[in-house]
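Since the structure comes first, as C-alpha cells, the remarks are kept for the end.
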Amino acid sequence: MKENLAEKAGAGRSSKLQGWRYFDRDFASREWESVWTKSWLVICREDQIPEPGDFLVEEVGAESILVVRQEDGGIKAFYNVCQHRGNKLVSVAEGSMPSFTCAYHSWKWSLEGECISAQDPEDFAAGSPCGRKKLAEINSEIFASFVWVNMDANPMPLNEYLGELYEPLARYPFELMHSTQAISVRMPCNWKIIQDNFRETYHIPTAHPEGLYVNEPYYVTAIIETLKNGHARLVTPGSQPSRYLPDGKLAIDDYLIQDLKTWELDPAAFSDKPLAIREAIITQKRKLGVDRGHGHYDRMEDAQLTDTFLYSIFPNLTLTCFSDGMLFLRALPHPTDPEKCTFDTWFYATGSEDFFTKMLTSAGGVSDTVRAPVEREWRNFGEGSLGITLDGDAGIMEAQQRGMHSRGWNGAELAGQEKRIAHYHDRIDQLIAEDEISIAAE
C-alpha cells in the first residue's frame, strides 16, 4: 500500500493527493469496508414508494439494496438477497408486490422480510424456514423526503451524523419538489473525482462561465466550511453578477433582468448598482412570496432565498440547493472497477418563479413541465446532454481519470479554497486508519 493510514489517524492532510487513490484496487476495497458500509447513504425519494408493497432497488457497489413500503406506512430496507442460497431476490429496479418470491426455489418473503412460504418446509433439519428465516435488514431513516440507509450494525442516528447540516436542510421545501431531470450516467472515472469536483468552485470561471452572470463564486465572498463527519458546506451569493466576468464588468444579463421583473422590480433602477439586486430580491420574496404560494419562504433564512448552498454530505452526495429547486449529485461506486462509477444528476423543483430553475430549464437542463415527475434515464458517458451546467464537468472528470495515471503528474497541490477536498480525503483516511487500528488490536 502507498501509505500506512493507521500512522496518520487524527492527522490532517500534509501530503498531496496522489493518483493511486483513484484507481488502486486495494485502496478501493478498504474504502468499501471502512467508508461505504459505515456511512448514511441516500437511496431514493420517499414519494417513489408511496403505497404498501411499493419497492425500489438500488445498486451500491457490491450490494443490492431493497427498499419497501410497509403495510403500516413505514419503510424498511433489506439486502436484496434470498436467505436460502444467496440468489438475488428482486431482479427489477422498482415496482409493487404484496410479497417477494425468489426465482430459484420459490421461497416467499413478506414485506416485513419474514419467510412465509418455502418448498418442502418439512425437509429442513432445523425445522420449517417459515417464520424462522428473515431477510437481512439494513438500518434506515427518512429525512428531507429521502430514504437513508446505513449498513453498519449500530450506526449513529442520522441527525447526529449530519450534524450542522441537519437544521439548514430541514428548512428547504424538499417535500414540495418534483423531479424534473433524473439522468444516471455510467462514468469512466472514480467516484471521488465526482465528489472532488463539487467540493470547490475554483473551476467555475473556466468550466461554467454562464453562471457568472447570476452567482458569485469568488472565494473571498463565499462561505467555505468543513464540518464534522466529513461533511462540508459552501455558500455563494446569488442574484448578482460575478467579479470573474470578462474585464471585471458586473453586467446585468437577461436572467437577472427577468428575475427582477418576476419580483416586480425595475431593472433600470439597478443598471449602475448590480450588487444591490440580491438584497432587493430577498426583500421582495419576503413581501410577495407567501401570497404567491411560497409559504416555505417563512421557514428559510434570507440567504437561502437567493444564494447557492452546496451541502457536501459524506461520502457521496452533494445537494445544490436554491429557494425552489435542488440539484442532486450522487456518485455510486462500481462493484469491481475503481475507475468506473454511476453519476446521478437529478433536478427537483417546486414549479415556481425561481430564476435559477428557469435558467436551467431554458438552457436545456430540465423539463419545462416541472410538475410531472420524470422517469430515471440511464446513459453511458458521452450519450446525450446533462444540461449546460454539467456537460463540462462530466468531460473533465473523464479526462482527469486518465490523467491520474500519468508519470508527468505528481499529485494535486490544493489552493486554500479547495480545503473541502483535503478535508474530505482526510476523513476517508481517518476511517480506514481507525479500522486498521481496531483490527490490529483484536
Side-chain angles (χ1 to χ4, degrees), residues 168 171-173 176-177 180 201 204-224 233-310 320-327 347-366 368 370 387-389:
R171 292 177 178 270
Y172 285 97
L176 303 177
M177 296 183 187
T180 62
T201 55
I204 287 181
T206 304
H208 308 299
E210 68 283 347
L212 299 178
Y213 291 94
V214 293
N215 193 265
E216 175 56 277
Y218 184 45
Y219 72 95
V220 174
T221 58
I223 299 173
I224 305 173
R233 175 168 44 200
L234 172 71
V235 185
T236 55
S239 294
Q240 68 177 57
S242 169
R243 70 195 68 216
Y244 284 124
L245 284 168
D247 303 319
K249 183 179 180 181
L250 299 178
I252 300 178
D253 79 326
D254 290 342
Y255 292 123
L256 282 181
I257 290 173
Q258 182 56 51
D259 200 24
L260 288 164
K261 291 180 177 178
T262 293
W263 293 103
E264 300 181 9
L265 293 167
D266 181 7
F270 298 89
S271 59
D272 60 347
K273 51 180 181 179
L275 295 183
I277 293 175
R278 176 178 176 273
E279 289 299 328
I281 288 180
I282 289 174
T283 298
Q284 287 299 92
K285 283 189 171 183
R286 290 288 183 216
K287 178 181 177 182
L288 305 175
V290 173
D291 288 342
R292 292 186 178 186
H294 306 291
H296 59 275
Y297 286 178
D298 281 350
R299 75 194 199 205
M300 301 175 76
E301 299 174 355
D302 282 355
Q304 290 178 307
L305 298 180
T306 54
D307 298 354
T308 301
F309 283 71
L310 278 79
T320 304
C321 297
F322 318 103
S323 64
D324 292 273
M326 181 262 290
L327 188 57
F347 197 88
Y348 298 90
T350 62
S352 74
E353 304 99 325
D354 177 63
F355 86 94
F356 202 93
T357 301
K358 287 186 175 295
M359 186 182 84
L360 286 176
T361 301
S362 61
V366 298
D368 221 359
V370 296
I388 189 172
T389 305

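Just so it is clear, the model here is predicted, and its values are computed rather than measured.
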Just checking, any donor-acceptor pair under 3.5 angstrom between side chains of Glu279 and Thr283? no
Would you compute the distance between atom [atom1] of [X] and atom [atom2] of [Y] and round it to the nearest 0.5 angstrom?
{"X": "Tyr297", "Y": "Ser323", "atom1": "OH", "atom2": "OG", "result": "4.0 Å"}
{"X": "Ile281", "Y": "Leu305", "atom1": "CD1", "atom2": "CG", "result": "10.5 Å"}
{"X": "Ile277", "Y": "Thr306", "atom1": "CD1", "atom2": "OG1", "result": "11.5 Å"}
{"X": "His294", "Y": "Leu176", "atom1": "NE2", "atom2": "CG", "result": "10.5 Å"}
{"X": "Trp263", "Y": "Arg286", "atom1": "CH2", "atom2": "CZ", "result": "11.0 Å"}
{"X": "Met177", "Y": "Cys321", "atom1": "CE", "atom2": "SG", "result": "6.5 Å"}

Validation row: Ile252, Pro267 side chains within 4.5 angstrom (heavy atoms): no
Restricting to non-hydrogen atoms, name the atom on [X] and the atom on [Y] that form the minimum distance, rounded to 0.1 Å.
{"X": "Pro217", "Y": "Ile204", "result": "CG-CG2, 4.0 Å"}
{"X": "Asp307", "Y": "Gly238", "result": "OD1-N, 3.0 Å"}
{"X": "Leu234", "Y": "Ala222", "result": "CD1-CB, 4.0 Å"}
{"X": "Met300", "Y": "Pro173", "result": "SD-CD, 4.3 Å"}

Are the side chain of [X] and the backbone N or O of [Y] linked by a donor-acceptor pair below 3.5 Å?
{"X": "His296", "Y": "Asp324", "value": "no"}
{"X": "Arg299", "Y": "Tyr172", "value": "yes"}
{"X": "Asp253", "Y": "Leu256", "value": "yes"}
{"X": "Arg243", "Y": "Glu216", "value": "no"}
{"X": "Glu301", "Y": "Ala303", "value": "no"}

With sequence neighbours excluded, tell me which residues meet side chain to side chain contact (heavy atoms under 4.5 Å, CB included) with Ala276. Phe270, Lys273
Sequence-distant partners of Leu275, side chain to side chain contact (heavy atoms under 4.5 Å, CB included), two or more places apart: Gln240, Leu250
Quick one: sort the Tyr244 and Tyr218 rings into parallel, tilted or perpendicular, breaks at 30° and 60°. perpendicular
From the list Arg292, Lys287, Lys285, salt bridge (Lys or Arg N to Asp or Glu O under 4.0 Å) partner of Glu264 resolves to Arg292
Mind running side-chain contact (heavy atoms from CB on, under 4.5 Å) on Thr320 and Thr308 for me, showing each step along the way? CA-CA 7 Å; Thr320 304; Thr308 301; 3.6 Å; yes
Is atom OH of Tyr219 surrounded by more than 12 heavy atoms (other residues, nucleotides or ligands) closer than 6.0 Å? no
Not counting sequence neighbours, which residues clear side chain to side chain donor-acceptor pair (under 3.5 Å) with Thr236? List them please. Asn215
